[in-house]
There are 2 protein chains.
Amino acid sequence: MVHKKATRARGRPRAYDPAAALTGARDAFWDQGYAATSLDVLSDATDMNRPSMYAAFGDKRSLYLQTLDRYIADGAAALKQTLSREHSLAEGLQRFYENAISLYLEQGGPRGCYLISTATTEAAQDPEVGKKLLGALRGLDQAIELRLSDAKAAGELDPSADPAALALMASAVLHTISVRARSGESRAALEAIADRAIELICGNFRS
Amino acid sequence: MVHKKATRARGRPRAYDPAAALTGARDAFWDQGYAATSLDVLSDATDMNRPSMYAAFGDKRSLYLQTLDRYIADGAAALKQTLSREHSLAEGLQRFYENAISLYLEQGGPRGCYLISTATTEAAQDPEVGKKLLGALRGLDQAIELRLSDAKAAGELDPSADPAALALMASAVLHTISVRARSGESRAALEAIADRAIELICGNFRS
DNA sequence: GTATTTTTATGCGAAATGGTACATAAAAAA
DNA sequence: TTTTTTATGTACCATTTCGCATAAAAATAC
């Protein structure tokens, strides 16, 4: 028999929620970028004092890398749901872009994708950031390509369509939406881009 | 008769080349991002001492904004040439992406587009950066759309094609190439993306 | 109650940051 | 030659930065 929470931890209980702290740190980085976000700001955003941050997440860079990991994992999980075959391809893509746009415009100000808006800048100097970013990009490509292959097999796509090429386009459209969102483009304009992309990808086979 | 350089400037001649200094500053920002680039680094990169930098370009932010302006202007000028109607649409796009990829991978390390790699991060906090970025994005869209409209009229494009929608796709592909380039993607992979995009845009009308 | 363990809280300190004063140098103008 | 103008170079300042040392606090274990 395995006890869940069998015995309470021994020392003083922590006053912060690790997951919430990571979210807070991520939001701070998201707003200001990695380099411009000071430890003071992070301390506020995580509701932790600095020594606790260090104990829990290591230094600033390590904390940032962990926020990247969680964003990537969360994104992958959400994508799996959004592009499941419960809905048609066009519907799935519609939800996919709609969710992305909502995420990119959340929190008042325009944010864009966390990776594209903050990690691209760091990627040139920090190979580990680059690796994570590249992995996430390829993961998205593959997930979409898989869904498109399925759609092609199911007759939801032109038989002559190239799922890999179309997947790259679908990814590209997400990236452009991120860049435009962060530059202050309106929600309507972003949605128009998504709609046109869906039309282009699904062609006459749109449901 | 107007004399060019009629009279020489009055005081001590400047020891730096303003255009070269701006290029150096831009490259420094390009490598490290705006926030992470210190005045010491900029002083080295511009071959100017700090007081001269202030006299010439104002503070750090002002210098950055000027590098953005020049990059945008240079890009627009280059685009005009690349997408001129001397060459077919497919050729023009080929050159367009090829030039971009070369620029994005120049200087050893991967850099990506200067705007997407550095200005997106700042755009969320600095509305002026956002405005410049958004303007540049829309300018690219319009330039490509114009070229596509011409191509359509000239029979280089499917009569049912939507130039505005295709222009957005072409822009999106440039943006994704920038993000991927900065994340360390290989030149071959980037070129493959460009090729697929050109195929998709030009369709069977490829020359 | 006392010891032990884990976290919090204050705040220090070396280094780096953005920005500037001030004296000097180099040219043209008087 | 002297004055004026512009640019340079050194050195500095106040602030902020990251990271950590140290002590108090809060829980369990004995």
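Naming: A, B, ... by sequence-line order, numbering from 1 per chain. Since the model is a prediction, treat every value here as computed from it, not as a measurement.
Taking atom CG of A:Asp47 as the reference point, atom P of C:dT8 lies 11 Å away to the nearest angstrom. In this structure, the CE atom of B:Met48 is 6 Å from the P atom of D:dT8, given to the nearest Å. Distance B:Lys60 NZ to D:dT16 C1': 13 Å, rounded to the nearest Å. One atom, CE of A:Met53, and another, C1' of D:dC20, lie 13 Å apart when rounded to the nearest Å. Atom CZ in B:Phe29 sits about 12 Å away from atom C1' in C:dG18, given to the nearest Å. Going from atom CG of B:Asp40 over to atom P of C:dT17 covers 6 Å, rounded to whole Å. Here D:dC20 presents its C1' atom at 12 Å from CG of A:Leu39, a figure rounded to the nearest Å. When the P atom of C:dT24 is taken as reference, atom CG of B:Asn49 falls 16 Å away, rounded to whole Å.
Comparing B:Ala15 and B:Gly11 against DNA chain D, the residue whose closest nucleotide sits nearer the 5' end is B:Gly11. If you find the closest nucleotide of DNA chain C to B:Tyr54 and to B:Pro13, the one lying nearer the 5' end belongs to B:Tyr54. Each of B:Arg61 and A:Arg12 has a nearest nucleotide on DNA chain C; the 5'-most of these lies closest to A:Arg12.
Taking only side-chain nitrogens and oxygens, B:Ser52 comes nearer than 4.0 Å to OP1 or OP2 of D:dT8.
For the pair A:Asp126 and A:Lys132, the salt-bridge criterion is not met [side-chain N within less than 4.0 Å of a carboxylate O].
Using a 4.5 Å heavy-atom cutoff, the side chains of B:Lys152 and B:Arg147 are not in contact.
At the heavy-atom level, B:Arg10 lies under 4.0 Å from base atoms of the strands shown. Across all strands shown, B:Thr37 has heavy atoms under 4.0 Å from sugar-phosphate atoms exclusively, and none from any base.
The 12-atom threshold is not exceeded at CZ of A:Arg95, counting heavy atoms of other residues, nucleotides or ligands nearer than 6.0 Å.
Between B:Tyr114 and B:Tyr64, the ring planes lie perpendicular to each other; the angle is over 60°, past the 30° to 60° tilted range.
Remark: the B:Ser102 side chain and the B:Arg187 side chain contain an N/O donor-acceptor pair separated by less than 3.5 Å.
No N or O donor and acceptor, one from the side chain of B:Arg50 and one from the base of D:dG9, sit under 3.5 Å apart.
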